[in-house]
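Below is one structure, written out as structure tokens; the observations come after it.
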Protein chains: 2
Amino acid sequence: MSSDENKYLKSYNIKDYDIPLATVDMSIFSIIDGTLNVLLIHRDTHPEKGKLSLPGGFINLKEDQNLDETAHRKLFEKTGLKSPYLEQVETTGNATRDPRGWSVTILYFALLDFGKVKEKALKDSKWFPVNKAKKEKLAFDHNELLEKAFDRLKSRTSYTALPMALMPNLFTLTELQTVFEIILEKKLPIKSFRRRILTAEVVIPTGESKLSGKRNAQLFKSKGVSKDFYFQRPLQV
Amino acid sequence: MSSDENKYLKSYNIKDYDIPLATVDMSIFSIIDGTLNVLLIHRDTHPEKGKLSLPGGFINLKEDQNLDETAHRKLFEKTGLKSPYLEQVETTGNATRDPRGWSVTILYFALLDFGKVKEKALKDSKWFPVNKAKKEKLAFDHNELLEKAFDRLKSRTSYTALPMALMPNLFTLTELQTVFEIILEKKLPIKSFRRRILTAEVVIPTGESKLSGKRNAQLFKSKGVSKDFYFQRPLQV
DNA sequence: TTATATATTGACTTAAAGACTATATATAAT
DNA sequence: ATTATATATAGTCTTTAAGTCAATATATAA
């Protein structure tokens, strides 16, 4: 680095400039009782005090090395989970979304198995079925953010195996299909779904089958959920 | 708004907090002489003075109402164009990418017809073939940003008609196919490509055909490039 | 008039999804 | 034990859009 640049950096003070607020917000999804749920926070500080919002907050410049760490930190605070599926959705920034001024938020969504959630009884947070959450008047522009996150999840579900990240360690293909159907809000053809999952080899048969119901079903486990795996064709619309 | 919240907002001063820098960077692509090019800037200010970088910069809290406006403003400054195709790619934020401190950048890519570029002779900016740009040592983490933008363009090209945004007003199907091939870095089957474009009706025949070469080819114009149009199936890999 | 290059179309093949039917196997009722 | 019932699982035909390959059309140039 040149001494010239060094001089510049020494005299540089970020607070001499007008810059926007920057936050990370997230839609944390899980399946509870056959319904897609999202975690909402009851805000007990200004602004928008008293309203429900998506979990999120400021980047901690000391603790967070990067944005994903901010997201993971928030996620851990609210769920006690270290490594659920996490994906960045979109960044929204404008002059009006926050009464404190120009504000930018980086939106993530997370998928997790509700059975693994540690912090089930945090007083300020609560799981809402997505359809109910959509009807609430959320803080800031969080209704739009929730919609964007859900749309992204829905879209991904039509050509990836992401919903596996919502499943418990062991699951049947019927259970997996049901979760796909919950997200897509429509029924899928059984044979087609099974063939798709099986030929893609995104799932490992445990042999150790069996479960509830009438005829027992084979139990599978996920081979790992990757952002980069795509089925050859999307599900028909 | 409660008077309580009013009081909070009055006492709120963003400069009391540690917040990251926020910038918008963009990969502006166009086709020049049968090659995919990207616009780079010769930096004449600190930091990273003297290096090449993607165009971009700070959000202007006074002028820009939202992030897309920031991106459009930058784009206009560098190309003189008001409405090329613009799409947000991803946001990168960490403690190390900018020597001034924790920094967040929202990455966009733009596609435009080079023939429409007004500002062809800006002294600080220059078009580079993407393959050459990749080999340059760009400022900050802009090599990674360029790669992300290009990867996104490539991916989109396999299941959308986005590359139409790179075409002049009138073009033949062969010319369009060539642009797809340039981006995908591989040949495509002719018959298949034409059928795909034609049955999707993303293009309007002008009747007024004719052009260079041996046998004359029909001229088409774009029906408009939409982020939300998807072919039923992606191109085979 | 013929050669050549590029444009354009016809028609067969392939792959993965959808649709429908048949079979298998568990529990519960008789 | 036998039968009924529900769910799991597999077989197979159809459909659709892409890939493949070959044939035809129409400019320009020799």
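Throughout, protein chains are lettered first and strands after them, A, B, ... in sequence-line order, and every chain is numbered starting at 1.
Whole-Å rounding puts the A/Gln218 CD to D/dT7 C1' distance at 14 Å. One atom, CG of B/Leu198, and another, P of D/dA18, lie 12 Å apart when rounded to the nearest Å. When rounded to the nearest whole Å, the span between CZ of B/Phe231 and P of D/dT16 equals 19 Å. Rounded to whole Å, the distance from CD on A/Gln232 to P on D/dG19 is 13 Å. Residue B/Ile197 contributes atom CD1, which lies 15 Å from atom P of D/dA17 at whole-angstrom precision. Residue B/Leu235 contributes atom CG, which lies 17 Å from atom P of C/dA15 at whole-angstrom precision. Distance CG (B/Asn216) to C1' (C/dA5): 12 Å, rounded to an integer number of Å. Going from atom CD of B/Glu175 over to atom C1' of C/dA7 covers 12 Å, rounded to whole Å.
A cation-pi arrangement is found for B/Lys126 relative to B/Phe128, the charged atom lying closer than 6.0 Å to the ring centre and inside a 45° cone about the ring normal.
A heavy atom closer than 4.0 Å to some atom of DNA chain D occurs in no member of residues 151-167 of chain B. Near DNA chain C, meaning a heavy atom under 4.0 Å from it, residues 184-196 of chain A has A/Pro189, A/Lys191, A/Ser192, A/Arg195, A/Arg196 in order of number.
The side chain to side chain donor-acceptor pair (under 3.5 Å) analysis of residues 23-40 of chain B, with sequence neighbours excluded, yields the pairs B/Thr23-B/Thr105, B/Asp25-B/Thr105, B/Asp25-B/His142. Every pair passing ring-ring contact (aromatic ring centres under 6.0 Å, His included) that includes a residue from residues 158-177 of chain B is listed here, sequence neighbours excluded: B/Tyr159-B/Tyr230.
The residue B/Thr199 sits apart from the nucleic acid: no heavy atom pair falls under 4.0 Å.
Not a single donor-acceptor contact under 3.5 angstrom links the side-chain atoms of A/Arg215 to the base of C/dA26.
Comparing atom distances between the A/Arg233 side chain and each of D/dA18, C/dT8, C/dA17 picks out C/dA17 as nearest. Of the candidates D/dA18, D/dA8, C/dA5, the closest approach to any side-chain atom of B/Lys214 belongs to C/dA5.
Residues passing the side-chain hydrogen bond (donor to acceptor under 3.5 Å, both in side chains) test with B/Asn169, sequence neighbours excluded: B/Lys116. Remark: B/Asp151 engages no residue in a side-chain hydrogen bond (donor to acceptor under 3.5 Å, both in side chains) (not counting sequence neighbours). Applying the ring-ring contact (aromatic ring centres under 6.0 Å, His included) criterion to A/Phe220, with sequence neighbours excluded, gives no partner residue. B/Phe76 pairs by the ring-ring contact (aromatic ring centres under 6.0 Å, His included) definition with nothing, not counting sequence neighbours. In this view, B/Gln177 and B/Glu181 satisfy the side-chain hydrogen bond (donor to acceptor under 3.5 Å, both in side chains) rule, not counting sequence neighbours. B/Arg97 meets the side-chain hydrogen bond (donor to acceptor under 3.5 Å, both in side chains) test with B/Ser103, B/Asp141; sequence neighbours excluded.
The pair B/Lys132-B/Glu136 does not meet the salt-bridge criterion, since no charged nitrogen lies less than 4.0 angstrom from a carboxylate oxygen. With respect to the salt-bridge test (charged N to carboxylate O, under 4.0 angstrom), the residues B/Arg152 and B/Glu87 qualify.
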Kindly list each side-chain donor-acceptor pair under 3.5 angstrom involving residues 189-203 of chain A, sequence neighbours excluded, with atom names and distances?
| from | atom 1 | to | atom 2 | distance (Å) |
| --- | --- | --- | --- | --- |
| A/Arg196 | NH1 | A/Arg233 | O | 2.7 |
| A/Arg196 | NH2 | A/Ser158 | O | 3.1 |
| A/Arg196 | NH2 | A/Arg233 | O | 3.3 |
| A/Thr199 | OG1 | A/Arg195 | O | 2.9 |

>> For DNA chain D, please output the secondary structure as dot-bracket, reading 5' to 3'. Pairs are Watson-Crick or G-U wobble, both atom distances under 3.5 Å; mark crossing pairs with [ ], other-strand partners with |, unpaired with a dot.
In response: ||||||||||||||||||||||||||||||
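Distances shorter than 4.0 Å separate none of the side-chain N or O atoms of B/Gln236 from OP1 or OP2 on D/dA18.
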